[in-house]
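Before any comments, here is the structure.
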2 protein chains.
Amino acid sequence: MNEQEAATLFGALSNDDRLRVIRALVRAGPAGLAAGEIAEAIGASPSRASFHLSTLSEAGFVHAERQARSLRYRVDFDRIGALMRFLLEECCAGHPDLRSCCGS
Amino acid sequence: MNEQEAATLFGALSNDDRLRVIRALVRAGPAGLAAGEIAEAIGASPSRASFHLSTLSEAGFVHAERQARSLRYRVDFDRIGALMRFLLEECCAGHPDLRSCCGS
DNA sequence: CTGACATTTCAAGAGGAATTGAATTGTGAA
DNA sequence: TTCACAATTCAATTCCTCTTGAAATGTCAG
């Protein structure tokens with residue numbers, strides 16, 4: 001992960017619709033949510049939800065799996081963790097002041 | 001911190017110039033860096049560096065203090081930590097899979 | 001095969017973000 | 001005061017992102 005890639009990933013998080021998508025998917029847990037359910041959950045049209053889902057998918061924050069007529073999305077925690085690690089460790093050089101960010 | 005604000009803050013991180021600025025400021029430590037030094041460090045014109053610094057400053061990730069003819073910038077770790085906490089705790093509901101992100 | 005449903009893709013337009021170089025502001029030295 | 005320096009601000013341009021609604025794709029039931 002370099003600055004270029006990290007910037008793209010942060011860009012995928014820089015939208016409140018997309019943050020709501022992630023939140024909804026976290027709430028849904030391992031079962032995930034169908035695209036239509038996500039659209040309804042965040043109050044967006046199917047087309048708009050699909051646009052944001054493809055951004056999140058390209059970033060690797062979510063993955064889709066076809067299930068009958070639906071596409072079921074799940075969140076990828078590892079990918080989110082990798083971005084956090086970049087900012088906290090690589091970028092911020094493991095600065096002690098940031099160690100407390102995880103509430104540990 | 002809500003999704004709207006968090007999205008804005010992630011937007012401030014969604015640029016490789018600005019990530020390099022943060023990295024440079026972290027390396028500089030408490031002493032901080034003058035705007036001109038930052039511009040040189042990231043290989044940008046003074047005007048371009050200033051543009052990105054103002055974005056980071058509005059987001060609260062950096063703060064400036066005048067020192068003679070220079071403006072000295074420092075990174076705000078608390079602000080970065082607050083955003084991380086939002087994603088990890090608020091948005092991601094403290095999901096166990098993300099607990100490992102700080103390498104603790 | 002036909003029809004209905006779930007979702008994505010596409011084209012067009014609106015709005016915001018980034019880059020450039022010139023002009024401006026603020027600060028200090030002589 | 002005058003000059004030089006440090007940095008920001010501005011205007012113009014370009015580029016990218018987002019939104020919308022219509023059209024296309026893929027999937028299944030009858």
Side-chain angles (χ1 to χ4, degrees), chain A residues 2-22 24-25 28 31-75, chain B residues 2-25 28 31-75 83:
Chain A
N2 57 19
E3 270 116 358
Q4 180 82 49
E5 183 186 359
T8 301
L9 297 191
F10 280 124
L13 296 179
S14 70
N15 178 281
D16 54 331
D17 275 346
R18 290 196 289 267
L19 287 178
R20 272 195 293 272
V21 168
I22 290 181
L25 286 176
L33 286 177
E37 296 173 317
I38 295 173
E40 195 185 13
I42 70 172
S45 69
S47 146
R48 188 166 137 209
S50 178
F51 170 79
H52 289 305
L53 281 167
S54 81
T55 299
L56 287 172
S57 187
E58 274 175 37
F61 290 134
V62 305
H63 301 288
E65 181 193 7
R66 185 166 280 283
Q67 204 170 73
R69 264 177 283 193
S70 297
L71 275 178
R72 189 151 287 266
Y73 284 88
R74 290 184 189 79
V75 66
Chain B
N2 57 18
E3 270 117 357
Q4 180 82 50
E5 183 185 1
T8 301
L9 297 190
F10 280 124
L13 297 178
S14 69
N15 179 281
D16 53 331
D17 276 344
R18 289 195 291 266
L19 287 178
R20 273 195 292 274
V21 168
I22 290 181
R23 188 171 235 167
L25 286 176
L33 287 176
E37 297 173 315
I38 294 173
E40 195 185 15
I42 70 172
S45 68
S47 147
R48 189 167 135 208
S50 179
F51 170 77
H52 289 304
L53 280 167
S54 82
T55 299
L56 286 172
S57 187
E58 274 176 38
F61 290 133
V62 305
H63 302 285
E65 181 194 7
R66 185 167 281 283
Q67 204 168 73
R69 263 178 284 193
S70 299
L71 274 179
R72 190 151 286 267
Y73 283 86
R74 290 184 189 80
V75 66
L83 180 59

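By convention in this document, chain letters (A, B, ...) are assigned in the order of the sequence lines, proteins followed by strands, and residues within each chain are numbered from 1.
Close to dC28(D), at under 4.0 Å from its OP1 or OP2, lies no side-chain N or O of Arg69(A). Close to dT27(D), at under 4.0 Å from its OP1 or OP2, lies a side-chain N or O of Arg66(A). Close to dT17(D), at under 4.0 Å from its OP1 or OP2, lies no side-chain N or O of Asn15(A). Taking only side-chain nitrogens and oxygens, Ser70(A) comes nearer than 4.0 Å to OP1 or OP2 of dT7(C). Close to dA17(C), at under 4.0 Å from its OP1 or OP2, lies no side-chain N or O of His52(B). Look at Tyr73(B) and you'll find a side-chain N or O under 4.0 angstrom from OP1 or OP2 of dT8(D).
When heavy atoms are screened at a 4.0 angstrom cut-off, Arg72(B) is found touching no nucleic acid atom at all.
What separates CG of Leu33(B) from P of dA7(D) is a distance of 11 Å, to the nearest Å.
The 12-atom threshold is not exceeded at CD of Glu40(A), counting heavy atoms of other residues, nucleotides or ligands nearer than 6.0 Å.
If you check dT27(C), dT19(D), dT7(C) against the side chain of Arg48(A), the one that comes closest is dT19(D). The side chain of Ala34(B) lies closest to dA7(D), out of dA7(D), dT8(C), dT19(C). Listed candidates were dA7(D), dG26(D), dG26(C). Nearest to the side chain of Leu71(B) is dA7(D).
Side-chain atoms of Arg18(A) come within 3.5 Å of backbone atoms of Gly11(A) as a donor-acceptor pair (strictly under, hydrogens ignored).
Looking at heavy atoms from C-beta onward, Leu19(B) lies in side-chain contact with Phe10(A) at the 4.5 angstrom threshold.
If you find the closest nucleotide of DNA chain D to Ser47(A) and to Ser47(B), the one lying nearer the 5' end belongs to Ser47(B). If you find the closest nucleotide of DNA chain D to Ser45(A) and to Ala68(A), the one lying nearer the 5' end belongs to Ser45(A).
Going from atom OH of Tyr73(A) over to atom CG of Leu53(A) covers 4.5 Å, rounded to the nearest 0.5 Å.
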